[in-house]
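Convention: sequence-line order gives letters A, B, ...; per-chain numbering from 1.
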There are 2 protein chains.
Amino acid sequence: MTVTIYDVAREANVSMATVSRVVNGNQNVKPATRKKVLKVIEELGYRPNAVARGLASKKTTTVGVIIPDISNSMYAELARGIEDIATMYRYNIILSNSDQNQNKELQLLETMLGKQVDGIVFMSDVISTELLYEMERSPTPIVLAGSIDETNAVASVNIDYYGAAYEAVKKLVDNGHKKIAFVSGPLSSKINKDYKLKAYTEALLDAGIDYDEKLVVECNNSYDEGMEAVSTLQPYEPTAYFVSNDEMSIGVIHALEESGKKVPEDVEIISYENSKLARMARPMLTSIAFPLYDIGAVSMRLLTKYMNEEEIEEKQVILPYRIEERQSTKNA
Amino acid sequence: MTVTIYDVAREANVSMATVSRVVNGNQNVKPATRKKVLKVIEELGYRPNAVARGLASKKTTTVGVIIPDISNSMYAELARGIEDIATMYRYNIILSNSDQNQNKELQLLETMLGKQVDGIVFMSDVISTELLYEMERSPTPIVLAGSIDETNAVASVNIDYYGAAYEAVKKLVDNGHKKIAFVSGPLSSKINKDYKLKAYTEALLDAGIDYDEKLVVECNNSYDEGMEAVSTLQPYEPTAYFVSNDEMSIGVIHALEESGKKVPEDVEIISYENSKLARMARPMLTSIAFPLYDIGAVSMRLLTKYMNEEEIEEKQVILPYRIEERQSTKNA
DNA sequence: GTGAAAGCGCTAACAA
DNA sequence: TTGTTAGCGCTTTCAC
């Protein structure tokens with residue numbers, strides 16, 4: 001029923017090897033026979049079986065992508081970056097959601113390796129020791145996208161989270177604020193705790209402002225918790241907010257406005273993400289551009305280098321960030 | 001280097017068949033030998049090769065997903081629904097973006113069939129005749145998610161787009177509006193043109209209001225074009241808007257407010273989608289709930305039935321919708 | 001430039 | 001309950 005390479009060979013009076021050559025674009029085929037074979041392929045509607053090819057060649061031209069949650073716009077953006085570059089290099093993608101659950105991550109890794117993917121792009125807020133161990137002994141190259149492994153054992157692409165956060169907080173300090181709140185994502189995430197929070201603390205310190213833990217609120221990155229954070233913080237009367245993502249920033253703005261404060265006149269806000277939401281907020285958000293798409297794209301590009309065994313110049317790549325100034329801060 | 005089923009067999013003093021049996025949970029294995037085999041598997045770190053398995057069994061336990069654009073939150077939501085159910089049934093997903101480009105769709109379909117996926121979930125605003133032809137002759141089951149094929153040749157899951165749109169417009173009519181604008185997505189999409197626009201027209205007609213093409217604006221579903229639509233429509237002074245998605249609705253609201261109109265006092269708006277944006281808008285959007293996640297989940301569930309050759313009760317499933325009343329309309 | 005033949009690692013009869 | 005033996009459909013030496 002399904003037509004195989006053997007059928008084509010028979011029909012074209014050549015060997016399987018020759019059919020394989022024309023299918024794979026091997027140049028060692030006389031134009032005339034190539035043409036003949038192509039004709040038969042067309043007639044028979046032959047479609048190469050990638051599974052058989054994968055078994056024989058030990059290459060599947062598919063890569064695994066493990067991310068927390070595709071329905072979250074940040075990860076979706078990342079995924080698109082990955083997919084675009086994958087397509088460019090003729091790879092397909094097996095996409096899985098881990099929900100940041102470590103067991104699921106471990107098991108997903110196992111499944112993908114079982115499926116013989118040629119490489120893996122992985123994203124998670126926390127890379128456990130166990131996960132790291134498995135990654136290091138993986139027979140297949142892995143790159144971390146927007147995820148920190150401080151041992152630098154695994155390739156990764158990130159931005160300078162510390163620098164970005166420091167700059168944001170410094171901007172608020174420079175605008176004269178003394179009480180600057182930090183509405184953070186989960187502190188279980190290394191990026192939030194060891195980079196953003198640290199930068200927040202040190203930027204304050206460098207400006208002679210003592211760190212006040214009451215001004216820091218840990219949230220789950222959602223709009224609702226952004227709103228709640230304002231209630232929590234209100235008693236301490238912060239005059240500026242540094243917020244971990246755009247969705248929470250919008251929550252913060254709405255809560256502030258409900259309590260009669262005006263942004264940016266009474267309270268300034270700097271967000272972190274710069275998704276398309278930033279322009280859809282009123283006032284539009286000043287936000288640190290976190291280039292998710294690019295991180296995905298560069299991760300995938302880096303992965304192709306590993307898969308082709310090309311030389312790697314830098315195993316840990318750091319992409320630039322920038323601050324997009326809009327209306328939630330006063331112009332300097 | 002890589003350990004195969006053969007290595008395990010040798011080490012455990014059993015045949016490959018027995019190892020295969022324990023790996024696949026076949027009950028016809030004496031507990032003692034099962035235990036022995038499991039032990040060797042553990043020791044050797046044996047990991048079954050899914051590609052070889054796929055070749056031998058003609059099942060890959062992976063399904064293809066072809067959607068327009070994963071970075072668009074609607075499709076991301078759909079994808080999550082698909083993935084969750086796929087995971088539940090132990091399938092993995094190969095995810096590809098088509099950007100609604102017909103050639104890409106055709107080629108993606110071809111690639112996935114080549115990769116021997118066990119099934120495909122497909123989404124696109126327009127299913128061309130050529131695509132339909134290929135789908136019908138596909139050796140692998142396909143289900144359309146949130147996509148219309150009027151020949152009913154291919155399985156699909158949708159909502160009652162016409163009914164939903166009709167109800168929305170009727171609500172606006174009932175609130176006394178005579179000049180109701182329709183800010184539509186691309187009219188190349190059957191859903192927009194033959195269902196929503198038609199419902200809009202007929203709901204108006206049924207209320208004795210003549211259709212005025214000036215009140216209909218075709219957009220690309222983006223925030224910016226939502227804003228622009230308002231400028232285009234302003235001369236005709238609509239007092240109510242029916243808008244094709246949440247992002248455009250927010251654009252409409254912002255443009256309206258910039259021009260001094262108040263929502264819902266001066267102008268009422270009903271959106272279509274009810275994503276999490278709907279609650280993040282001010283005023284919060286009254287929106288027709290378009291259950292993307294469910295459509296994805298049900299599509300995948302339907303696909304599993306085809307893949308298992310279960311009996312299908314209904315090939316075209318229609319999911320319920322509802323109207324979520326919030327602040328962009330006046331309460332009745 | 002082309003063909004023969006040996007696998008790739010596994011499943012699935014069929015026997016025993 | 002277990003083993004033997006063909007494949008699955010292709011790539012890849014190695015000859016010619």
Can you tell me if the side-chain N/O atoms of [X] get under 4.0 Å from OP1 or OP2 in [N]?
X: A/Tyr46; N: D/dC10; answer: yes
X: B/Thr18; N: D/dT2; answer: no
X: B/Ser15; N: D/dT2; answer: no
X: A/Ser57; N: D/dT12; answer: no
X: B/Thr33; N: D/dT2; answer: yes
X: B/Lys58; N: D/dG9; answer: yes

How many whole angstroms separate atom [atom1] of [X] from atom [atom2] of [N]?
X: B/Tyr6; N: D/dT4; atom1: OH; atom2: C1'; result: 12 Å
X: A/Ile41; N: D/dG9; atom1: CD1; atom2: P; result: 16 Å
X: B/Ile5; N: D/dT5; atom1: CD1; atom2: P; result: 17 Å
X: B/Asn26; N: D/dT1; atom1: CG; atom2: C1'; result: 10 Å
X: A/Met16; N: D/dT12; atom1: CE; atom2: P; result: 12 Å
X: B/Arg34; N: D/dT1; atom1: CZ; atom2: P; result: 10 Å
X: A/Asn49; N: D/dG7; atom1: CG; atom2: C1'; result: 14 Å

[atom1] ([X]) with more than 12 external heavy atoms under 6.0 Å:
X: A/Gln316; atom1: CD; value: yes
X: B/Glu130; atom1: CD; value: no
X: A/Glu42; atom1: CD; value: no
X: A/Lys315; atom1: NZ; value: yes

Residue pair B/Arg21/A/Arg53 against DNA chain D: nearer the 5' end by closest nucleotide is B/Arg21

message = Testing the 3.5 Å rule here: is there a donor-acceptor pair between the side chains of A/Thr304 and A/Asn308?
response = no

- request: Please determine, by modelled atom types, if A/Tyr75 and A/Asn97 share a side-chain donor-acceptor pair under 3.5 angstrom.
  value: no

Sorted by chain and residue number, the side-chain contact (heavy atoms from CB on, under 4.5 Å) partners of B/Asp99 (sequence neighbours excluded) come out as A/Arg80, B/Asp69, B/Lys104

Ranking D/dT12, D/dG9, D/dG3 by distance to the side chain of A/Leu55, first place goes to D/dG9

Angle separating the five-pair end axes of the helix from C/dG1-D/dC16 to C/dA16-D/dT1, nearest 10°, is 30°

May I ask you to say what A/Asn28 touches in the nucleic acid, namely base, sugar-phosphate or nothing, with a heavy-atom cut-off under 4.0 Å? base

| If you look at every strand shown and take non-hydrogen atoms under 4.0 Å, does B/Val14 touch a base, only sugar-phosphate, or nothing? | sugar-phosphate

Heavy-atom nearest nucleotide on DNA chain C taken for A/Asn13 and for B/Asn24; more 5' hit belongs to A/Asn13

First and last nt of DNA chain C near chain A, cut-off under 4.0 Å to heavy atoms, 5' to 3', are C/dG1 to C/dG9

Could you go through B/Asn92 and A/Ser96, starting from their C-alpha distance and side-chain angles, then the distance that decides it, and tell me whether this counts as side-chain contact (heavy atoms from CB on, under 4.5 Å)?
CA-CA 7 Å; B/Asn92 287 108; A/Ser96 290; 3.8 Å; yes

- Message: Let's test your reading of the model: under 3.5 Å, does the base of D/dG9 pair with the side chain of A/Arg47 as donor and acceptor?
- Response: no

